[in-house]
Amino acid sequence: MTSQDSTDSTDSRRDGPTKPSRRTFLSAATVTAAATAAAPLAGASAASAATAGGPSGPGRPIRPQSPDRELRELLREIDQRRIEAIVRRLAEFGTRHTLSSQDDPVRGIGAARDWIYQQMQGYAARSGGRMTVELQSYVQEPASRIPVPTRITNVVATLRGETSPDRIYVVTGHYDSRCTDVMDATSDSPGADDDASGVAVAMELARLMATRRSEATIVFAAVAGEEQGLYGSGYMARQYKAAGADVQGMFSDDIVGSSTADDGTRDRRTLRLFAEGVPTAETPAEGNTRRSVGGENDSPSRQLARYVSDVADNDSTGMRVRVIYRRDRYLRGSDHISFLEQGYPAGRFTEPNEDFAHQHQDVRVVDGKQYGDLPEFCDFEYITRVAKVNAAALWSLAQAPGTPKGVTIVTTNLTNDTQLRWTRGTEPDLAGYEVVWRETTAPEWTHVIPVGDVTTTTIDLSKDNVFFGVRAVDTAGHRSPVAFPRPGS
Ligand SMILES: [Zn+2]
């Protein structure tokens, strides 16, 4: 282990292969950005800021959003011992298979459900009435991997927002588990990495955020039925959709427990975030627009992923967020897909390199090698940093204004500039808006133009040649995710 430790001692965000161009660009731009960052929202007449290697045009180089004092304090309170205790306790239920016993007090998914519910209720008791905990339950009729009618129960803790309660952000882990045979409901399946680790992240954040006041609503859920076919999260997402809920971001933490690859190498400071391009729920009309003017790299989920990089890939989390431009890994899926199917922006966090000897495996020893998803193969320091990334993302989202709505790029006439308009948000601390843009070939936004508290602006740059977006800013400088405009009048 020591030789692996020494390779790992270098911060992977500095030597990692996938993101040097952005970081190099940003650091080169820091001097310019620092000069203008402190200024309040200026008019649209921001000076041109040609940057080393970047495109030239209006605005200044964009830079990540640093955590404020309140968020840094929250991140420091994330408790590795509690996370480890949750993972070990969940493994002790023997199996948490969706078809296992629902009324045995010691073994099976019912006992796990009741324990999670009790813990969440304990957190909510300290929330001053802001957090409520619900057993969200339905009976799944026989279907794929469900041979008999089966009750599926999600444990859902909701921290109601103070000023924008109707705007919702969701984090989930799935508490069901499996072994080699996905229909085996009795053999041991400790499910420590998959996915007690994700449940522990959601629970630890629920505990810490319960005692804080959030502007928007944050939901922390342990969902069931994932291994059988995303049943619990599917039900949850459909309930939100049926209620017309405004879910502006959802994260599935699934297999976030280990930093060790199957060849033994370790990468303790990288977390993958899978984010789809073309939206799963795209309508035919939206598809026509996309084919006409582009946008396959600008789905709401991609904007959400860029946002996570901006607020959570930094020294305060100690983690590099490696965004991957696809919905999920080959042959795999997770609960974010349930939300994508309902048209909600969503992504999946997962560890950097997986070891398939410790996922979906019967607990056994073969030729001296231990198989099975046991707590001993988890890295609790790593899970703690995963929780920090989630906390930075969720807390930043929920304290910022919502993603701008009704963002339109005006196309009534042929022009060589760009007119944008949008609907003003209702947040009491809303300060105004920023237009962002980038070359069409760039993966991430490169320039920002503060435009003030307006709902329309014209930028002296051709919409034919670059991509534009709009984001909201509050009086404390918290930014929303970017909204990608649709053409219109
Ligand atoms: Zn899983």
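Positions are given from 1 along the sequence. Computed from a prediction, not measured in an experiment: that's the story for all the values here.
A salt bridge is defined here as a Lys NZ or Arg NE, NH1 or NH2 lying under 4.0 Å from an Asp or Glu carboxylate O, and Arg424 with Asp453 meets this definition. Salt bridge status for Asp379 with Arg266: present, with a side-chain N to carboxylate O gap under 4.0 Å. With respect to Glu204 and Arg207, a salt bridge is recorded, a charged nitrogen being found less than 4.0 Å from a carboxylate O. With respect to the salt-bridge test (charged N to carboxylate O, under 4.0 angstrom), the residues Arg306 and Asp298 qualify. A salt bridge links Asp246 to Lys405: at least one charged side-chain nitrogen sits closer than 4.0 Å to a carboxylate oxygen.
No hydrogens or angles considered: a donor-acceptor pair under 3.5 Å links the side chains of Asp263 and Thr265. Residues His478 and Asp68 bring a donor and an acceptor atom of their side chains to less than 3.5 Å of each other. Using modelled atom types, one finds no donor on one side chain facing an acceptor on the other under 3.5 Å when comparing Thr457 with Gln419.
Here the side chains of Tyr175 and Thr153 are in contact, with some heavy-atom distance below 4.5 Å. In this structure, the side chains of Ser252 and Phe339 stay at 4.5 Å or more apart for every pair of heavy atoms.
With Arg471 contributing its side chain and Val436 its backbone, the two residues share no donor-acceptor pair below 3.5 Å. Using modelled atom types, no side-chain atom of Arg332 and backbone atom of Asp328 make a donor-acceptor pair closer than 3.5 Å. Proximity of a side-chain donor or acceptor of Tyr307 to a complementary backbone N or O of Arg479 within less than 3.5 Å is detected. The backbone N or O of Phe220 sits nowhere less than 3.5 Å from a side-chain atom of Thr158 that would complete a donor-acceptor pair. Here the side chain of Thr317 pairs a donor or acceptor atom with the backbone of Ala312 at under 3.5 angstrom. Using a distance-only test at 3.5 Å, with no hydrogens or angles considered, a donor-acceptor pair links the side chain of Asp176 to the main chain of Glu226. A donor-acceptor contact shorter than 3.5 Å links the side chain of Ser301 to the backbone of Ala346. The backbone N or O of Asp193 lies less than 3.5 Å from a partner atom in the side chain of Asp373, making a donor-acceptor pair. Remark: the backbone N or O of Tyr325 is paired with a side-chain donor or acceptor of Arg302 at under 3.5 angstrom. Distance alone, capped at 3.5 Å, places no donor-acceptor pair between the Ser259 side chain and the Arg268 backbone.
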**Prompt:** Stepwise, does the side chain to side chain contact (heavy atoms under 4.5 Å, CB included) test hold for Met120 with Met131?
**Reply:** CA-CA 9 Å; Met120 293 282 217; Met131 180 179 281; 5.9 Å; no
**Message:** Please evaluate residues His336 and Phe251 with respect to the criterion side chain to side chain contact (heavy atoms under 4.5 Å, CB included), reporting the C-alpha separation (whole Å), side-chain torsions for both, the decisive distance (0.1 Å), and the verdict.
**Reply:** CA-CA 6 Å; His336 62 305; Phe251 303 108; over 6 Å; no
**Request:** Might you work through the side chain to side chain contact (heavy atoms under 4.5 Å, CB included) test for Val389 and Phe349, ending with a clear yes or no?
**Result:** CA-CA 10 Å; Val389 169; Phe349 286 118; 3.9 Å; yes
**Message:** Test salt bridge (charged side-chain N to carboxylate O under 4.0 Å, His left out) on Glu70 and Arg212; report intermediate values, then the result.
**Reply:** CA-CA 10 Å; Glu70 184 181 30; Arg212 291 169 155 86; 5.2 Å; no
**Asked** Given Asp254 and Asp194, is the side chain to side chain contact (heavy atoms under 4.5 Å, CB included) satisfied, shown in steps?
**Response** CA-CA 6 Å; Asp254 194 357; Asp194 187 9; 3.0 Å; yes
**Request:** Any chance you could lay out the salt bridge (charged side-chain N to carboxylate O under 4.0 Å, His left out) test for Glu286 and Arg486, step after step, and finish with the verdict?
**Result:** CA-CA 9 Å; Glu286 288 165 350; Arg486 295 190 174 152; 3.1 Å; yes
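Residue Gly234 comes nearest to Ser338 through the heavy atom pair N-OG, 3.2 Å, listed as atom of the first residue, atom of the second, then distance. Nearest heavy atoms, Thr350 versus Tyr382: O-OH, 4.5 Å. For Trp395 against Ile218, the heavy-atom pair with the smallest separation is CE3-CD1, 4.0 Å. Closest approach of Gln248 to Gly402, counting heavy atoms only: OE1-CA, 3.5 Å. Closest of all the heavy-atom pairs between Thr408 and Pro485 is C-CB, 4.0 Å. Shown here for Ile255 and Glu354, the closest heavy-atom pair between the two residues is CD1-OE1, 3.8 Å.
Relative ring orientation between Trp445 and Phe484 is described as tilted, the plane-to-plane angle lying within the 30° to 60° band.
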